[in-house]
Amino acid sequence: MEKLLKIDRRILFVLVALAVTIPLLFRFKMPVPPTRHVKSMYNKIDSLSEDSHVLISFDYDPSSKEELQPMAHALLHHCFKKNIKVIGMTLYPAGTGLAEKAIKEIGKEYGKKSGKDYVFLGFKAGSSLVIMNMGEDIYTAFQEDFYGKKTVGMQALKGVRSLRDIDYAVNLTASGIYEAWIVYGKEKYNFDLGVGCTAVMGPEMYPFIQSSQLTGFMGGLKGAAEYETLVGHKDRASAGMAPQSVVHVLVVCFILFGNFIYFASGRKK
Amino acid sequence: MHKTLSTFILSILILSYTPTAFAVEGNRLFVPKDFQAFDTPNDSGKSITLRWPSSPSESDDVEYVVYMSTTIKGPFETEALRIRSNTRYEEGSNYSYHLIDIEPDKLFNKKSSDKDVKTTYFFKLVMMSNLTTRTVKKIASATPEGNWFNWSRSNNFIIMIIFSVLILCCINHAKRVPGLFIRKIKGLDAIDDALGRATEMGKPALFVHGLNDMDSISTIAAINILGRIALRVAEYDTPLKVSNIYPIVLTVSQEVVKEAYLEAGRPDAYVEDNVFLAASEQFPYVVALSGIMTREKPAANFFVGYFYAESLILSETGAATGAIQIAATDAFTQLPFFITTCDYTLMGEELYAASAYLSREPLLLGSLRAQDIAKEIIISVIVFGALLATCGIDWISFIFKPG
Amino acid sequence: MNFLKRTVPMIIAFVMGVLMAFQYYVPHEASQNLLKVVTRWGMIISGFAMFIGAYSLFHMHWNRIKHKVSGWGYSIFMFFGAGIAIISGLYNGGELFWNDKQSGTMFDWIFDYVQVPAGATIFSILAFFMASAAYRTFRARNKEATILLISAIIVMLGRVPVGTMISQYIPIAADWIMTVPNLAAKRAILIGVSIGVIATSIKIIFGIEKAYLGGGD
Amino acid sequence: MIKKTDVSITTWILIAFGTVNIAFLATGKLGFNGKGLGIITAVAITLAMYSFLYKDNPVFKIAENIFVGVAMGYSIIIVWFNILKPDVFEALIVPMFKDTGNAPQYLVIVPTLLGLFMFLRFSSKLSWLSRWSFAFIVGMGSGIAIPNFINAILLRQLEPMLAPLYTGSFWGTIDTLLVLIGVVSVLFYFFFSMEHKGVIGGVSVIGIWFLMIAFGASFGYTVMARMSLLIGRIQFLLKDWLGIIQ
């Protein structure tokens with residue numbers, strides 16, 4: 001029995017790889033019913049009129065790209081579809097490349113132009129300081145956009161002076177930066193805030209949801225898949241739900257089996 | 001006939017409950033009896049607040065429109081506000097008042113040159129349905145002014161003052177009275193046991209620093225705990241390996257361990273190379289440590305400080321070698337993995353408490369005590385506040401209302 | 001000299017701390033302008049601070065090469081990667097670095113096809129270790145760990161579509177765990193941590209906590 | 001210690017990788033352009049990273065060091081284009097020497113100097129000047145943090161706790177009560193000036209239970225997160241490179 005516990009872990013690695021690959025190859029469909037926290041984010045954006053301003057802060061880098069980039073895509077599809085003006089920015093230097101790519105590519109699909117229908121402001125250092133500076137005046141925080149164009153007078157920013165004038169802000173985060181957005185942004189300048197976070201951060205959102213400091217949140221690839229379902233644009237996240245299910249079952253089996261042997265063999269050290 | 005009658009009865013029933021319908025029906029609007037404008041309190045001087053009592057004619061089809069001018073005689077042409085009449089009520093007024101803030105500067109596009117000139121604005125309230133329009137006679141006026149204290153934040157201010165005083169007092173107190181009480185942290189005994197076992201087995205103990213530099217509280221706490229472990233190790237004569245990722249932490253750790261050996265009276269047993277820089281980045285750090293764990297099979301592993309995703313690989317490798325493992329971290333996202341792979345885990349603030357307990361530094365003890373008192377206050381506020389609120393008494397929630 | 005080295009930083013921290021704390025309670029435009037100017041300064045300083053990390057990294061790898069520490073050869077690849085990224089960034093697709101940033105250059109290519117796959121892959125390695133740890137080490141070794149694992153299993157199953165297929169109660173149970181016990185514990189942790197943040201901030205302002213200044217004289 | 005088997009495995013993998021890519025390039029499945037070659041590079045790096053699963057090896061180490069270097073180089077360039085160029089170079093330095101229509105923003109001199117002082121941290125004589133910059137940033141951050149944290153976390157998180165326990169339904173009321181008990185008992189657990197005995201001991205044990213359930217939730221979510229990353233990478237290999245799935 002105990003020998004089973006000491007198998008080469010590379011065998012386990014292969015099992016995991018198979019559990020992910022096979023469901024991807026034989027794409028069996030999984031229903032992804034949207035949960036209420038994702039739905040409330042969707043409804044919020046859906047209720048906005050044309051030419052409203054949605055700020056998306058892409059606060060992540062390539063290491064959490066696989067979870068957060070699908071969310072960014074789904075959100076952008078939704079905003080551009082509804083002709084909402086998108087203001088993009090990032091507080092991570094390595095977030096610039098990912099954010100720019102997402103906005104530009106999806107903007108192109110809907111024929112949107114930089115500076116007119118959306119603006120990508122780029123990166124600034126100092127996290128909470130950037131948020132507060134934008135809360136006072138967006139044009140001092142970002143005097144130029146990512147491409148070096150002056151932000152003052154830009155059509156995409158018409159009617160926006162500070163964060164107070166933003167209709168909805170979404171923070172896509174891989175770290176504790178969401179807390180800075182709540183403490184120094186939402187609570188100070190009084191705008192509606194939603195969060196899209198890696199699944200690791202997911203459980204931390206619940207106290208803020210209940211105190212209505214957040215309008216909603218998307219957690220991990222699952223959250224992205226739900227948003228894709230709501231927007232009606234199924235993509236990578238939805239396709240990822242089948243392997244996600246299978247691999248979860250595998251991990252649960254591993255835990256149960258490992259513990260079974262552990263107890264059966266008398267909890268030896 | 002039947003239909004008309006039932007409609008008639010139904011309309012009487014509805015009408016008696018909704019005065020609005022009645023008012024519109026009669027082609028008449030009952031305008032509000034009063035209309036006030038005043039400088040918005042607690043603001044930067046940009047906005048003016050308008051307030052007026054509700055009218056019985058309010059409904060979905062009726063609108064309130066406010067026109068604005070810079071002279072009392074008008075012309076009142078600039079539209080400052082247009083709302084559905086049954087919206088935007090004053091909070092807590094039970095729908096009997098409307099309260100709305102507007103920013104006149106935005107509407108008039110004031111030039112920056114006359115920013116310092118204070119302007120008085122005049123407002124006219126009009127009620128409109130698609131049939132008729134009526135104006136409130138009274139013209140309200142106000143001058144926006146900046147305020148120097150936000151009174152709605154006074155509770156926040158008081159909390160800040162109380163907390164500051166509390167911390168300063170507690171630290172002072174801890175300086176004067178040395179033995180401030182701290183409960184025993186269970187995991188600390190486990191450290192001694194683990195070291196004892198390492199001695200028995202004649203194998204080394206491994207102390208792994210977290211991934212934060214010397215400026216983080218977790219690392220400072222880790223250093224304090226390291227001091228204690230080093231002292232025991234020096235007494236027991238067990239080799240102790242300490243891995244670091246930052247040069248500054250390395251230097252401090254070396255000093256601490258050296259001092260512990262001195263204190264134990266065995267400065268000769270101190271080997272400087274046992275406190276080492278394992279790597280400079282996350283994954284190489286993991287790789288280096290996994291190597292040490294599998295090669296040297298330490299009998300006890302201590303993971304102390306702030307950890308990120310590497311926590312899982314580290315503690316898993318350690319568990320596979322059969323070592324006793326003790327973790328102490330304030331990284332809450334990593335705690336689940338330490339709890340399931342280590343024999344004992346110090347969670348969150350227990351790490352700071354353990355460091356205060358071991359170092360007996362008045363600064364740490366005092367601030368720990370102050371934070372305890374703050375928690376005590378919060379616990380009582382929650383318990384009493386919830387109970388009183390359940391009984392319908394809400395002054396506690398009023399006191400702690402966010403500003 | 002001691003005044004400049006020790007006292008001045010303490011005075012700066014105290015003045016800035018008190019000023020900014022009180023700023024919160026003053027709604028006047030002057031106070032808003034103060035916040036605006038000071039945060040902008042902070043942003044620029046933070047920009048410079050990014051180079052400190054770069055300096056330590058380069059310095060460390062340089063020392064490795066210089067002293068021929070075991071595995072020093074790999075450090076050359078670090079410089080190689082950094083060099084290519086910096087040179088292509090400065091070249092900026094022919095526009096050179098004092099002009100506006102061009103897109104679609106070599107610099108962007110390196111990001112898309114080197115940094116993104118490497119960064120994304122390195123953390124996905126953890127998925128494998130997670131599974132192997134699940135098999136080999138996640139043990140219900142005591143009461144606490146047992147509760148933890150049970151709750152983890154419910155959440156793991158309840159948060160993916162397959163949970164509903166096993167039993168319709170699993171997603172409900174998972175949701176309850178998230179919105180009741182999880183919420184309560186996370187809120188208490190949040191309150192505790194915030195008290196800690198406030199306490200540390202007060203200690204910094206009053207010059208009791210000086211660790212951030214670094215050791216030495 | 002290079003084993004023979006490892007060498008042959010590496011050789012075979014390299015041959016297979018090379019053949020597949022040459023075939024893709026030849027058939028036009030991957031274009032012989034920036035994108036096609038980019039995907040091949042990305043796949044090579046992905047596989048090099050995964051080689052760590054077999055064991056720690058030079059290929060992994062090289063890929064990792066290149067990654068660390070590229071990431072740092074990328075950050076440096078982005079900081080230049082996004083911060084130093086617009087906020088210092090073009091706001092202060094260029095207008096001082098050239099007429100750009102904008103007056104130089106002389107106020108920027110202060111943060112620029114403080115920023116430059118930070119580098120003196122590495123000098124032995126002038127490192128004290130870097131403390132001024134740290135004192136400025138940390139002091140300001142602390143001052144701003146205090147009232148904002150009191151408002152946004154303490155007061156705002158207390159607000160829902162100070163509501164009536166009775167919410168209209170039986171189970172709803174039980175849940176509110178449980179949240180109350182949970183918050184209080186966990187706070188009690190992190191309470192250090194009293195021994196955990198008697199009532200306090202009992203309450204803190206309840207606190208541990210709440211903590212453990214919450215950690216279990218985090219555990220489950222973290223498993224989910226890591227698996228999602230893997231799914232993303234495999235999707236990349238199967239879709240963008242091999243083109244097996246749509």
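These numbers were taken from a predicted model, which means no experiment stands behind them. Throughout, a chain's letter reflects where its sequence line sits, starting with A, and its residues are numbered from 1.
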Could you report the tightest heavy-atom contact between [X] and [Y], atom names first, then the distance?
X      : Y      : answer
C/P117 : D/A42  : CG-CB, 3.6 Å
C/W109 : D/G38  : CZ2-CA, 3.4 Å
D/K85  : C/N99  : CE-O, 3.1 Å
D/A135 : C/P9   : CB-O, 3.2 Å
D/I77  : C/I86  : CD1-O, 3.5 Å
C/I45  : D/P111 : CG1-O, 3.6 Å

[X] side, atom [atom1]; [Y] side, atom [atom2] - distance, nearest 0.5 Å:
X      : Y      : atom1 : atom2 : result
D/K35  : C/D112 : NZ    : CG    : 10.5 Å
C/Q115 : D/M72  : CD    : CE    : 10.5 Å
C/S194 : D/L155 : OG    : CG    : 11.0 Å
C/T39  : D/I144 : OG1   : CD1   : 7.0 Å
D/I146 : C/M20  : CD1   : CE    : 12.0 Å
D/T46  : C/Y113 : OG1   : OH    : 12.5 Å

Is it the case that over 12 heavy atoms from other parts of the model lie below 6.0 angstrom from the [atom1] atom of [X]?
X     : atom1 : answer
C/F80 : CZ    : no
C/F77 : CZ    : no
C/F58 : CZ    : yes

Among [options], which has the most heavy-atom pairs under 4.5 Å with chain C?
options                        : result
D/N65, D/L158, D/V184          : D/N65
D/L187, D/V179, D/V186, D/I234 : D/V179
D/T41, D/I181, D/I137, D/V183  : D/V183
D/I83, D/V88, D/N148           : D/N148
D/L84, D/L178, D/L114          : D/L84

Heavy-atom pairs under 4.5 Å with chain D are the metric here; pick the option from [options] that has the most.
options                        : result
C/L35, C/V38, C/V18, C/I87     : C/V38
C/L90, C/T146, C/I12           : C/I12
C/I125, C/I110, C/I76          : C/I125
C/A152, C/A131, C/S88          : C/A152
C/A145, C/S132, C/A174, C/S124 : C/S124
C/M78, C/M156, C/M106          : C/M78

Return all side-chain donor-acceptor pairs below 3.5 angstrom for residues 208-221 of chain D, not counting sequence neighbours, or 'none' if the list is empty.
unit_1	atom_1	unit_2	atom_2	d
D/S218	OG	C/K186	NZ	2.9
D/S218	OG	D/A214	O	3.3
D/Y221	OH	C/R159	NH1	3.2

[X], part contacting chain D, at a heavy-atom distance under 4.5 Å:
X      : answer
C/I154 : neither
C/L183 : side chain
C/F97  : both
C/Q23  : neither
C/F14  : neither
C/L190 : both
C/H61  : side chain
C/D100 : both
C/F128 : side chain

Proximal component of [X], with respect to chain C [non-hydrogen, under 4.5 Å]:
X      : result
D/F236 : neither
D/A71  : both
D/T222 : both
D/P58  : both
D/T112 : both
D/L230 : both
D/I39  : both
D/L180 : neither
D/L107 : both
D/L154 : side chain
D/V110 : side chain
D/V223 : both
D/M224 : side chain
D/I62  : both

Do the side chain of [X] and the main chain of [Y] share a donor and acceptor less than 3.5 angstrom apart?
X      : Y      : value
C/W41  : D/V108 : no
D/R226 : C/F123 : no
D/W132 : C/L4   : yes

Review point. Do the two ring centres, one from D/Y74 and one from C/F107, sit under 6.0 Å apart?
Key: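 Here the rings of C/F107 and D/Y74 have centres that are less than 6.0 Å from each other.
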Practice item. Taking the six-membered ring for Trp and the single ring otherwise, decide whether the centroids of C/W98 and D/F89 are under 6.0 Å apart. Key: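 Not close enough - the centres of the two rings lie 6.0 Å or further apart.
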Pairs under 3.5 angstrom only: tabulate donor-acceptor contacts from the side chains of residues 46-57 of chain C to other protein residues two or more places apart or in another chain.
unit_1	atom_1	unit_2	atom_2	d
C/S46	OG	C/G42	O	2.7
C/S56	OG	C/I52	O	2.8

Review point. Distance only, no hydrogens: is a donor on one side chain within 3.5 Å (strictly under) of an acceptor on the other, for C/T121 and D/R233?
Key: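 C/T121 vs D/R233: donor-acceptor pair found between side chains.
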Practice item. May I have the step-by-step check of side-chain contact (heavy atoms from CB on, under 4.5 Å) for D/D175 and C/W176, ending in yes or no? Key: CA-CA 9 Å; D/D175 283 352; C/W176 182 83; 3.0 Å; yes
